Structure formats: C-alpha cells, structure tokens
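Please read the structure below before turning to the comments.
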Amino acid sequence: MKHPEKEVRIALVGKYTQLHDAYISVVEALKHGGIPSRTTVVIRWVDSEHLTPDTVEKQLGGISGILVPGGFGSRGVDGKILAAQYARENKVPYLGLCLGMQVAIIEFARNVCGLHDAHSIELDPKTTHPVIALMPDQDEDGDIGGTLRLGSYPCVLDRQSIAYRLYGEETIHERHRHRYEVNNDYRTTLTEHGLCLSGMSPDKRIVEMIEVPDHPWYVATQAHPELKSRPNRPHPLFRGFVEAALAFGL
C-alpha cells in the first residue's frame with residue numbers, strides 16, 4: 001500500500017457521495033483489494049441522482065471499474081441502474097453489493113429479457129414485473145418490521161463461476177443486511193437470457209450471487225463482503241475486481 005507500482009480508477013456510484021464516510025467500509029476494501037497487485041485505487045465519486053443518459057459517458061467514461069454499493073430507498077436508483085447498464089454494455093468490470101446486485105438484475109431484466117418495467121417492489125410497488133420482492137414467508141401486508149436478513153449466511157458457488165475461482169472453495173459465508181430478494185418466479189427467464197446465478201443458498205431457495213458470462217468481469221452479490229476485508233487479508237471479490245479493472249485499463 002505504501003509503495004504502489006500501479007494506479008486504477010474506479011467509479012463508486014451511490015447517493016451518499018457527498019459524505020464519503022458513508023461508504024468507508026467499501027473504500028477500505030477497495031484499498032485492500034489493490035495491495036496484492038501493488039495498486040492504488042483512485043475513486044471517482046459519482047452521485048447516482050445526477051447520472052442520466054445525457055451525463056453517463058462524461059461521468060463513467062475513462063474509468064476502469066464500476067462499483068454500486070448497498071443502500072435503501074428509491075432516491076438515485078435510476079442512476080444506479082444506468083451504471084449497471086453502462087458496465088454491462090461497455091464490458092467495464094462491475095461489482096455490485098446488495099442493492100448493487102438488485103439494480104443489476106433490474107437492468108438485465110429490462111434490457112436483455114425485455115421486461116421493460118421490471119423493478120423491485122421496494123422501489124415500485126406497482127411494477128408488473130417484480131424481479132426483486134419479499135420472499136413468500138415474509139409479511140406482505142405492509143408490516144415489514146423484523147424482516148431484514150441479518151448476519152452471516154452460507155452460499156454455494158457454481159464451480160464454473162468467477163466467484164468460485166476467486167474464493168477457491170465451493171461453500172462460503174458472507175454477512176447480510178437487506179430485506180428484499182431475487183423473485184424466484186423470474187429465475188428461469190433470467191437464466192434463459194444468459195444470466196448466471198453463480199451463488200445460491202444451500203437449499204437453492206435464495207439467489208446470493210450473479211454473473212454475466214459473456215462479460216470479462218461482471219459480479220454482484222446480495223451480501224456485504226466489504227465487511228470481512230482486512231489489509232492483510234483482502235477480500236477475494238475486491239482483489240479480483242481491482243485486478244480486472246487493471247486489465248481493462250491496459
């Protein structure tokens with residue numbers, strides 16, 4: 001970290017970008033991810049509220065990786081969806097964390113599967129294609145207290161996935177803090193159009209990680225892997241993301 005040999009520019013697309021400490025765990029994990037390759041990560045802070053089709057090239061052009069972190073609420077979500085689309089279409093390495101995975105699925109459902117109003121019921125309760133929704137055993141009558149999925153959960157990785165190559169093991173454990181999940185009613189549609197469900201709960205009931213196979217490096221997780229990263233033990237996803245961004249920038 002103190003004697004870097006390379007530099008890489010990564011866009012962090014969120015709605016709390018005026019207060020950088022709101023994403024301090026993600027920022028530190030990115031720093032850790034650069035240590036094995038002696039790389040300094042330079043962050044371009046992109047306010048998702050101001051990311052539009054007219055500004056996307058100016059704000060995301062010239063960077064080597066796009067990261068969309070977690071968050072709650074609808075403010076700035078359209079910009080996050082646009083960032084996921086830009087990364088997918090332009091083959092820019094993408095790492096989605098929690099909501100960053102959900103917006104990636106929304107974008108894929110809309111622009112690849114043709115479900116043009118696909119959304120999360122958290123953000124648009126009236127959507128006709130709720131690709132992100134509450135699980136059947138959660139309360140759907142409006143009382144969502146106590147329905148967050150909190151703490152460490154196991155995940156079984158597809159052996160053909162980027163995630164498996166990075167972790168080096170099939171069953172992993174990551175920390176969670178979220179309420180909504182991938183709607184299983186849409187799993188077949190998503191996979192038939194090419195999305196890889198690269199990480200699943202052991203009972204195969206919950207989608208934990210996704211990848212876009214025809215992309216150099218497009219990985220998203222429902223978890224918060226940044227919380228397990230350490231300077232002497234960079235998290236595999238962040239290490240792989242930084243390495244992919246380096247390769248993209250060459």
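Since the model is a prediction, treat every value here as computed from it, not as a measurement. We're numbering straight along the sequence, starting at 1.
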field: salt bridge (charged side-chain N to carboxylate O under 4.0 Å, His left out), paired with E49, selected from K15, R75, K80
entry: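 Checked K15, R75, K80 against E49; only one passes salt bridge (charged side-chain N to carboxylate O under 4.0 Å, His left out): R75.
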
[X] side chain to [Y] backbone, donor-acceptor under 3.5 Å:
{"X": "S229", "Y": "E226", "value": "no"}
{"X": "Q59", "Y": "H50", "value": "yes"}
{"X": "T55", "Y": "T52", "value": "yes"}
{"X": "K6", "Y": "V41", "value": "no"}
{"X": "R110", "Y": "A118", "value": "yes"}
{"X": "T127", "Y": "P125", "value": "no"}
{"X": "S201", "Y": "I206", "value": "yes"}
{"X": "E211", "Y": "A163", "value": "yes"}

- request: Kindly indicate, with the supporting measurements, whether the criterion ring pair (Phe, Tyr, Trp, His ring centres under 6.0 Å) is fulfilled by Y94 and W217.
  value: CA-CA 6 Å; Y94 178 85; W217 208 98; 9.0 Å; no

task: Indicate the ring-plane relationship of Y153 and H176, choosing parallel, tilted or perpendicular according to the 30° and 60° boundaries.
output: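 Rings of Y153 and H176: perpendicular, over 60°.
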
Should [X] and [Y] count as side-chain neighbours, where that means a heavy-atom distance under 4.5 Å?
{"X": "P36", "Y": "P234", "result": "yes"}
{"X": "P4", "Y": "T39", "result": "no"}
{"X": "V46", "Y": "R44", "result": "yes"}
{"X": "L115", "Y": "Y186", "result": "yes"}

Working to the nearest 0.5 angstrom, can you tell me the gap between [X] [atom1] and [Y] [atom2]?
{"X": "H129", "Y": "D124", "atom1": "NE2", "atom2": "CG", "result": "12.0 Å"}
{"X": "I106", "Y": "M101", "atom1": "CD1", "atom2": "CE", "result": "10.5 Å"}
{"X": "C196", "Y": "L190", "atom1": "SG", "atom2": "CG", "result": "11.5 Å"}

- prompt: What closest approach, in Å, do A83 and L51 show between heavy atoms, and which atom pair accounts for it?
  reply: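 The pair with the smallest heavy-atom distance is CB-CD2, 3.9 Å.
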
field: Shortest non-hydrogen separation from A87 to H215 and the atoms involved
entry: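 Looks like O-NE2, 2.9 Å.
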
Under 3.5 Å side-chain donor-acceptor pair for H235 and E174: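 Checked: H235/E174 side chains pair up, N/O donor to acceptor below 3.5 Å.
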
query: Between the side chains of T128 and D117, is a donor N or O closer than 3.5 angstrom to an acceptor N or O?
result: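 The answer is yes; a qualifying pair exists.
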
Other residues, nucleotides, ligands: >12 heavy atoms within 6.0 Å of [X] [atom1]:
{"X": "E169", "atom1": "CD", "result": "yes"}
{"X": "R187", "atom1": "CZ", "result": "yes"}
{"X": "K204", "atom1": "NZ", "result": "no"}
{"X": "Q160", "atom1": "CD", "result": "no"}

task: Output, in order, the C-alpha distance, side-chain angles, deciding distance and verdict of salt bridge (Lys or Arg N to Asp or Glu O under 4.0 Å) for E28 and K31.
output: CA-CA 5 Å; E28 291 301 306; K31 291 179 183 178; 3.1 Å; yes

field: Single-linkage hydrophobic cluster, 4.5 Å side-chain cutoff, L99 and V182 together
entry: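 Same cluster.
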
message: Less than 6.0 angstrom separating the ring centers of Y167 and H173, yes or no?
response: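 Centroid distance Y167-H173: not below 6.0 Å, so no.
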
message: Against L97, only a single residue in L237, L227, L67 fulfils side chain to side chain contact (heavy atoms under 4.5 Å, CB included); can you say which?
response: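 By the side chain to side chain contact (heavy atoms under 4.5 Å, CB included) criterion, L97 pairs with just one of L237, L227, L67: L67.
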
